[in-house]
Amino acid sequence: CIDDIVVFGRTWEEFQQLINKLVKSLHLDKNKKLVIYVHNLAYEFQFIKEFIEIDSVFAKDTRKPMKVTTINGIEFRCSYFLSNMSLIKFCENTENVIHYKLTDEYDYSKMRTPDTPLTEIEKAYCYNDVRGLSECIAQKIYEEGDITKIPLTNTGYVRREYRVAMNDNSKNRDNFLKTKLNAKQYSMLKKAFRGGNTHAYYKKANKILNNVYSYDIQSSYPSSMMLDDFPIGKFMFVNIDEDIDKFEYYLKNFCCVIDVTFCNIELDIK
């Protein structure tokens with residue numbers, strides 16, 4: 001969708017022709033880019049990566065690109081990460097959107113090739129998908145005043161507000177500089193981060209359990225931030241020289257990040 005004009009194509013060759021015409025007519029290059037939003041870029045990227053010349057990829061995780069830039073000035077951005085919503089919800093929750101996603105109007109079980117004729121309903125479904133997304137992005141541009149100010153992800157808005165709030169107190173910058181991590185420390189903290197256990201307990205695996213119940217804590221993060229103590233300061237390297245008392249002292253009194261290697265471990269199943 002370009003300036004409210006929806007372009008239809010049936011093959012990737014036609015898509016390439018469109019991109020090449022845009023590059024040529026708009027005189028695009030590495031310094032002058034055209035941003036193209038794609039809802040769920042991760043899916044489409046598995047196809048377009050085969051015939052675009054990539055300059056850079058910024059990804060959240062493996063096979064989850066948020067931004068892909070080509071050498072000829074095209075910048076694909078993922079609107080799913082921007083909205084953190086399905087296309088249906090993105091359109092519903094954005095002001096001034098007229099063309100909502102047409103739900104239940106498209107039969108995904110139907111076999112289609114590029115030569116299969118599309119019904120008017122099918123064309124309308126395809127039309128609203130891109131026109132609606134275009135209207136969502138247009139509203140974002142209106143709210144921000146400039147497309148360059150739109151963050152890559154929904155959390156980018158939170159980070160922006162956080163930066164503004166932090167700048168209200170000059171001491172925050174000093175504390176940031178005093179506690180900043182070096183590359184090795186950052187890598188260790190990334191490795192140390194973990195979530196909860198989701199695997200089966202080996203003694204209960206492959207068994208049918210009756211009367212099972214569970215409970216969990218809701219909204220634990222806000223209460224922990226207000227009620228618990230958190231370490232602050234600069235990380236430093238400590239050599240304990242196999243001194244167990246010294247090791248336990250640091251564990252008791254400081255935040256410790258440890259890189260441990262175990263050898264010859266055996267599972268005690270008694």
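Distance alone, capped at 3.5 Å, is enough to place a donor-acceptor pair between the Asn172 side chain and the Met166 backbone. In terms of modelled atom types and a separation under 3.5 Å, the side chain of Glu135 and the main chain of His99 share a donor-acceptor contact. Put simply, the side chain of Glu44 never gets that close to the backbone of Leu41: no donor and acceptor are under 3.5 Å apart. When atom types are taken as modelled, the side chain of Asn154 and the backbone of Asn84 share no donor-acceptor pair closer than 3.5 angstrom. Remark: the backbone N or O of Ser220 is paired with a side-chain donor or acceptor of Ser223 at under 3.5 angstrom. Remark: the backbone N or O of Ile74 is paired with a side-chain donor or acceptor of Thr70 at under 3.5 angstrom.
Taking Ile, Leu, Val, Met, Phe, Trp and Tyr as members and joining any whose side-chain heavy atoms lie under 4.5 Å apart, directly or through other members, the hydrophobic cluster of Val6 also contains Phe8, Tyr127, Val130. Taking Ile, Leu, Val, Met, Phe, Trp and Tyr as members and joining any whose side-chain heavy atoms lie under 4.5 Å apart, directly or through other members, Leu118 forms no hydrophobic cluster with any other residue. Grouped by direct or indirect side-chain proximity (heavy atoms under 4.5 Å, Ile/Leu/Val/Met/Phe/Trp/Tyr only), Tyr108 sits with Leu102, Tyr106, Tyr125. Counting side-chain heavy-atom gaps under 4.5 Å among Ile, Leu, Val, Met, Phe, Trp and Tyr, Phe230 is found in no cluster with other residues.
Counting heavy atoms of neighbouring residues, nucleotides and ligands inside a 6.0 Å radius, atom CG of Leu227 exceeds 12 of them. Atom OH of Tyr157 is surrounded by more than 12 heavy atoms from other residues, nucleotides or ligands within 6.0 Å. Heavy atoms of other residues, nucleotides or ligands lying less than 6.0 angstrom from CD1 of Ile265 number more than 12. For Leu18, the CG atom is densely surrounded, since the number of other residues' heavy atoms within 6.0 Å is greater than 12.
Not counting sequence neighbours, the partners of Phe47 by the ring pair (Phe, Tyr, Trp, His ring centres under 6.0 Å) test are Trp12, Tyr43. Applying the side-chain hydrogen bond (donor to acceptor under 3.5 Å, both in side chains) test to Asn167 and every residue at least two apart in sequence or in another chain returns nothing. Residues satisfying the ring pair (Phe, Tyr, Trp, His ring centres under 6.0 Å) criterion with Tyr142, sequence neighbours excluded, are absent altogether. Residues that satisfy the ring pair (Phe, Tyr, Trp, His ring centres under 6.0 Å) test with Tyr162, not counting sequence neighbours, are absent from this structure. Partners of Phe235 according to the ring pair (Phe, Tyr, Trp, His ring centres under 6.0 Å) rule, which considers only residues two or more places apart in sequence or in another chain, do not exist here.
In this structure, the side chains of Lys180 and Lys234 come closer than 4.5 Å at one or more pairs of heavy atoms. With contacts defined as side-chain heavy-atom distances shorter than 4.5 Å, the pair Arg160/Arg163 qualifies.
Remark: Ser79 OG to Leu152 CG distance equals 11.5 Å, nearest 0.5 Å. Between the CG atom of Asn175 and the OG atom of Ser170 there is a distance of 10.0 Å, given to the nearest 0.5 Å. In this structure, OG1 on Thr103 lies 11.0 Å from CG on Leu87, to the nearest 0.5 angstrom.
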Between Thr113 and Asp115, is a side chain to side chain donor-acceptor pair (under 3.5 Å) present by the stated rule, with each step listed?
CA-CA 5 Å; Thr113 73; Asp115 298 321; 4.5 Å; no
Side chain to side chain donor-acceptor pair (under 3.5 Å) assessment of Gln139 paired with Glu143:
CA-CA 6 Å; Gln139 180 64 24; Glu143 293 170 355; 3.2 Å; yes
Determine all donor-acceptor pairs shorter than 3.5 Å in which one atom belongs to a side chain in residues 29-38; sequence neighbours excluded.
{"from": "Asp29", "atom 1": "OD1", "to": "Asn31", "atom 2": "N", "distance (Å)": "2.8"}
{"from": "Asp29", "atom 1": "OD1", "to": "Lys32", "atom 2": "N", "distance (Å)": "2.8"}
{"from": "Lys32", "atom 1": "NZ", "to": "Leu26", "atom 2": "O", "distance (Å)": "2.9"}
{"from": "Lys33", "atom 1": "NZ", "to": "Lys30", "atom 2": "O", "distance (Å)": "2.5"}
{"from": "Tyr37", "atom 1": "OH", "to": "Arg77", "atom 2": "NH1", "distance (Å)": "3.2"}

Under 3.5 Å, sequence neighbours excluded: what are the donor-acceptor pairs made by side chains of residues 54-63?
none

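Under the side chain to side chain contact (heavy atoms under 4.5 Å, CB included) rule, His39 has a single partner from Cys78, Ser83, Cys136, which is Ser83.
Evaluation of the side chain to side chain donor-acceptor pair (under 3.5 Å) test over residues 241-264, restricted to residues two or more places apart or in two chains, returns Asn239-Asp241.
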